[in-house]
Amino acid sequence: MQADVWSPPSVLLTVDLVILTLREGRLCVLLVERGEDPFQGMLALPGGFLNHAGEEILDAAHRELSEETALAAGCVHLEQLAIYGDVGRDPRGRVVSVAHLAIAPGLPEPVAGTDAMDAAWVPTESVLSGEVELAFDHHQIVMDAIKRARTKLEFSALATAFCGELFTIAELQQVYEAVWGIELDTRNFYRKVQAVRGFIIPDSSGRRTTGGRPARLYRAGPKTVLYPPLIRSVPSTTEEDVREEGE
């Protein structure tokens, strides 16, 4: 008796982008309004299917970044976040998403493209709290991305990706406060940052006046791993932490 011929299941691959930036001191994520089904009219992360079978996943992420938002990939820190492939996550069939975390300073107002009707920066606390509902499993992806960013700020130099080429320590502190969702003691933060050799280095261009005393300017240093790390001393009370306590 001839054995049944096995064939692999049909699986589609997409990329999704969690793009974070600071706007007026608040951590914001880029969301697009879907222009077609499924979930037409709902907010979602920018992303889409591979363009063709030979397209590399990272290339697809850079392409989607440009097509859906008109943002240039060269100014964005981009790293793979996680893979999401739960059965039923997409009503179009078995769809696996390779999500990416992107971070950049001072990103402009986005311009929607391809299948998006609109694009906007939305405060992350509105997403974490459930006030803003997202299509697919994008709420979970955003939560995971923010958790990644919070942790990496403790042990890596990722915070400088939220800053311009030159920044003050006060501006760097604003990054930590916005991402962690807590208020930090200024003197303690200054002491801890200065204790991490190679994290930031003084710039020779001088100081910046922002209404008060001129502040010294810094740039990102050569170290990508922080030692000693900048550990959060106070836990955040966002939905992310509530979810972690329940696990």
Side-chain angles (χ1 to χ4, degrees), residues 1-20 28-69 73 76 78-103 110 112-120 122 124-152 238-247:
M1 183 176 179
Q2 185 176 2
D4 293 336
V5 178
W6 178 86
S7 60
S10 176
V11 178
L12 299 174
L13 187 65
T14 66
V15 293
D16 288 308
L17 304 173
V18 183
I19 307 173
L20 301 178
C28 293
V29 60
L30 184 64
L31 299 177
V32 298
E33 182 180 350
R34 289 187 56 79
E36 58 185 34
D37 286 328
F39 306 112
Q40 182 176 3
M42 286 191 66
L43 293 177
L45 295 170
F49 292 98
L50 295 184
N51 210 13
H52 51 80
E55 185 176 35
E56 297 291 346
I57 293 176
L58 184 58
D59 292 340
H62 283 298
R63 175 179 54 78
E64 287 292 341
L65 182 70
S66 175
E67 289 182 356
E68 297 241 27
T69 67
V76 178
L78 188 66
E79 65 177 70
Q80 185 173 314
L81 173 64
I83 297 175
Y84 298 83
D86 288 353
V87 175
R89 65 178 298 273
D90 193 316
R92 291 169 293 189
R94 189 65 190 276
V95 179
V96 175
S97 174
V98 182
H100 291 74
L101 171 62
I103 295 172
T114 62
D115 60 348
M117 292 191 297
D118 196 10
V122 177
T124 55
E125 63 261 29
S126 297
V127 178
L128 294 176
S129 67
E131 177 185 348
V132 174
E133 186 177 358
L134 302 185
F136 305 104
D137 54 357
H138 290 183
H139 180 266
Q140 181 65 53
I141 297 176
V142 172
M143 290 178 66
D144 292 345
I146 294 174
K147 180 179 179 180
R148 165 80 67 86
R150 286 175 173 170
T151 300
K152 292 197 71 170
T238 64
E239 180 182 339
E240 176 199 56
D241 298 289
V242 172
R243 178 176 64 88
E244 291 178 355
E245 291 176 2
E247 291 178 348

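This is a predicted model, so every value here is computed, not measured.
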Could you walk me through whether Thr14 and Asp90 satisfy the side-chain contact (heavy atoms from CB on, under 4.5 Å) test, starting with their C-alpha distance in whole Å, then the side-chain angles of each, then the deciding distance to 0.1 Å, before giving a yes or no? CA-CA 11 Å; Thr14 66; Asp90 193 316; 5.7 Å; no
Is there a side-chain contact (heavy atoms from CB on, under 4.5 Å) between Glu64 and Leu17? Walk through the geometry before answering. CA-CA 8 Å; Glu64 287 292 341; Leu17 304 173; 4.2 Å; yes
Walk me through whether Tyr84 and Asp16 qualify under side-chain hydrogen bond (donor to acceptor under 3.5 Å, both in side chains). CA-CA 10 Å; Tyr84 298 83; Asp16 288 308; over 6 Å; no
Please test Leu20 against Thr124 for side-chain contact (heavy atoms from CB on, under 4.5 Å), starting from the C-alpha separation and ending with a verdict. CA-CA 9 Å; Leu20 301 178; Thr124 55; 4.1 Å; yes
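Within the 4.5 Å cutoff, side-chain heavy atoms of Leu31 are placed close to those of Val132. Between His100 and Val15, the closest side-chain pair of non-hydrogen atoms falls below 4.5 Å. No side-chain heavy atom of Leu134 sits under 4.5 Å from any side-chain heavy atom of Met42.
Once rounded to the nearest 0.5 Å, the distance linking CD of Glu133 with OG of Ser126 reads 13.5 Å. If you take CG on Asp137 and OG on Ser97, they are separated by 7.0 Å, rounding to the nearest 0.5 Å.
Applying the side chain to side chain donor-acceptor pair (under 3.5 Å) test to pairs two or more places apart or on separate chains, those with a residue in residues 40-61 are Glu55-Arg63.
Counting all heavy atoms, side chain and backbone alike, Leu81 lies closest to Ile141 at CD2-O, 3.8 Å. Scanning all heavy atoms of the two residues, the minimum distance from Arg34 to Ala135 falls at CD-CB, 4.2 Å.
Formation of a donor-acceptor pair under 3.5 Å by the His138 side chain with backbone atoms of Leu45 is found in this model. Not one N or O on the side chain of Arg89 forms a donor-acceptor pair closer than 3.5 Å with the backbone of Val96. The backbone N or O of Gly85 sits less than 3.5 Å from a side-chain atom of Arg94, completing a donor-acceptor pair.
By the ring-ring contact (aromatic ring centres under 6.0 Å, His included) test, Phe39 pairs with Phe136, sequence neighbours left out. Every residue two or more places apart in sequence or in another chain that forms a salt bridge (Lys or Arg N to Asp or Glu O under 4.0 Å) with Glu79 is listed here: Arg148, Lys152.
By the 6.0 Å contact criterion, CD on Gln80 is enclosed, its count of non-hydrogen atoms from other residues, nucleotides or ligands being greater than 12.
Residue Ile19 is tested with Val29, Leu78, Leu65 for a side-chain contact (heavy atoms from CB on, under 4.5 Å); the sole match is Leu65.
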